[in-house]
Amino acid sequence: MKKTIEKVLAEGKALLKDAHIRTWALDGEILLSHVLSFSRVQLFTHSKDEISEEQEKVYKDLIYRRLKGTPTQYLTNEQEFMSLPFYVNNHVLIPRQDTEILVETALELIDRKKEFQVLDVCTGSGCIGISIAYYAPLSRVIGIDISEPALNVAEHNAKLNQVNDRVHFIKSNLFKGVPEDLKGTIDMIVSNPPYIPTDEIKGLMKEVSEYEPTIALDGGKDGLDFYRFIVKDGKEYLKSGGILLFEIGYNQGDEVAWLLKSHGFNSVGIKKDLAGLNRVVFGIKE
Ligand code: GLN
């Protein structure tokens with residue numbers, strides 16, 4: 001028998017709530033709007049409409065996958081970042097709101113009046129490089145990542161946000177595959193690399209540790225492996241006066257700032273996120 005939207009939504013939310021999913025109400029609504037191709041508001045303005053048994057089945061399947069731990073974003077294949085739409089799947093880290101601080105800092109530092117060459121290292125979904133290209137229309141961005149399936153997602157996102165004429169991707173293990181002739185030509189290197197210490201990954205929320213790609217999280221024994229590589233090799237690609245900009249874990253600020261200083265970067269600074277935790281480190285190449 002067909003049920004109303006209101007009824008199916010209440011059933012979905014109840015299942016999520018009973019399983020102690022913290023965001024039960026929001027997730028229940030997002031998943032049903034996804035199945036019906038509705039906005040969340042339409043779920044309420046159409047609450048008395050009936051939905052088909054097929055749609056109800058699709059919704060319940062998503063609810064059960066959510067109950068097992070799959071993040072909502074991998075079920076809907078969507079995450080908004082910097083007010084832009086991004087496609088996501090389990091080959092990429094889900095873009096985080098904290099990372100918007102990194103992009104906002106990059107946009108403050110970019111000279112908008114000239115063509116600005118940006119390298120987004122460990123680009124994943126492409127969310128950082130693509131939003132920089134979108135909001136700084138004269139910039140040109142190269143995104144690099146070791147993962148082919150992640151680059152497919154990033155390419156899709158560049159088209160989705162209509163910046164694919166200025167954003168290009170290279171499959172590369174850090175700088176190994178980046179053309180030598182780009183050395184000394186880059187205005188900004190930006191990166192949110194994997195930075196979780198290996199032993200801490202299993203202690204993260206199940207949604208993260210079991211569903212998000214480990215290669216996007218694992219920063220080696222102390223979490224700092226990628227910063228060491230990017231500071232050392234990235235420096236050669238930057239122009240003199242070029243900017244290096246990282247997202248960091250809340251307790252990595254001092255060490256990453258020191259790393260930049262010890263490689264001769266000037267004006268090294270740390271920026272905090274909305275929770276007051278160190279989140280971004282930047283420096284300028286001499
Ligand atoms: N740059 C991407 C992001 O910030 C991916 C980061 C990663 O895989 N560590 O979401």
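Atoms within each ligand, like the ligands themselves, are counted from 1 in listed order. Residue numbers run from 1 in the order of the sequence given.
Under the 6.0 Å cut-off for aromatic ring centres, Phe175 and Tyr237 qualify, their centroids lying closer than that. Under the 6.0 Å cut-off for aromatic ring centres, Tyr211 and Tyr74 do not qualify, their centroids lying 6.0 Å or more apart.
Looking at atom 8 (O) of ligand 1, its nearest protein heavy atom turns out to be Ala216 CB, 3.2 Å. Counting protein heavy atoms only, atom 2 (C) of ligand 1 is closest to Thr123 O, 3.4 Å. If you check which protein heavy atom lies closest to atom 5 (C) of ligand 1, you get Cys122 O, 3.6 Å.
Here the side chain of Gln252 pairs a donor or acceptor atom with the backbone of Tyr195 at under 3.5 angstrom. Judged by distance alone, the side chain of Asn161 and the main-chain N or O of Asn157 form a donor-acceptor pair under 3.5 Å.
Between Arg140 and Glu115 there is a salt bridge, with a side-chain nitrogen of the basic residue lying less than 4.0 Å from a carboxylate oxygen of the acidic one.
Counting atoms of ligand 1 from 1 in the listed order, those under 4.0 Å from a heavy atom of Pro193 are 9 (N). Less than 4.0 angstrom separates some heavy atom of Ile128 from each of these atoms of ligand 1: 1 (N), 4 (O). Under a 4.0 Å criterion applied to the non-hydrogen atoms of Asn192, ligand 1 contributes the atoms 3 (C), 4 (O), 6 (C), 7 (C), 9 (N).
The two residues Ala133 and Ser139 have their closest heavy-atom pair at CA-OG, 3.5 Å.
Of the candidates Gly124, Pro95, Gly219, Cys127, it is Cys127 that places a heavy atom closest to atom 3 (C) of ligand 1.
Not one N or O of Ser125 is nearer than 3.5 Å to an N or O of ligand 1, by distance alone. Ligand 1 has no nitrogen or oxygen under 3.5 angstrom from a nitrogen or oxygen of Leu93.
Contacts between Pro213 and ligand 1, counted as non-hydrogen atom pairs separated by less than 4.0 Å, are absent for every part of the residue.
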Could you go through the ring pair (Phe, Tyr, Trp, His ring centres under 6.0 Å) check for Phe282 and Phe246 one step at a time? CA-CA 6 Å; Phe282 56 89; Phe246 284 126; over 10 Å; no
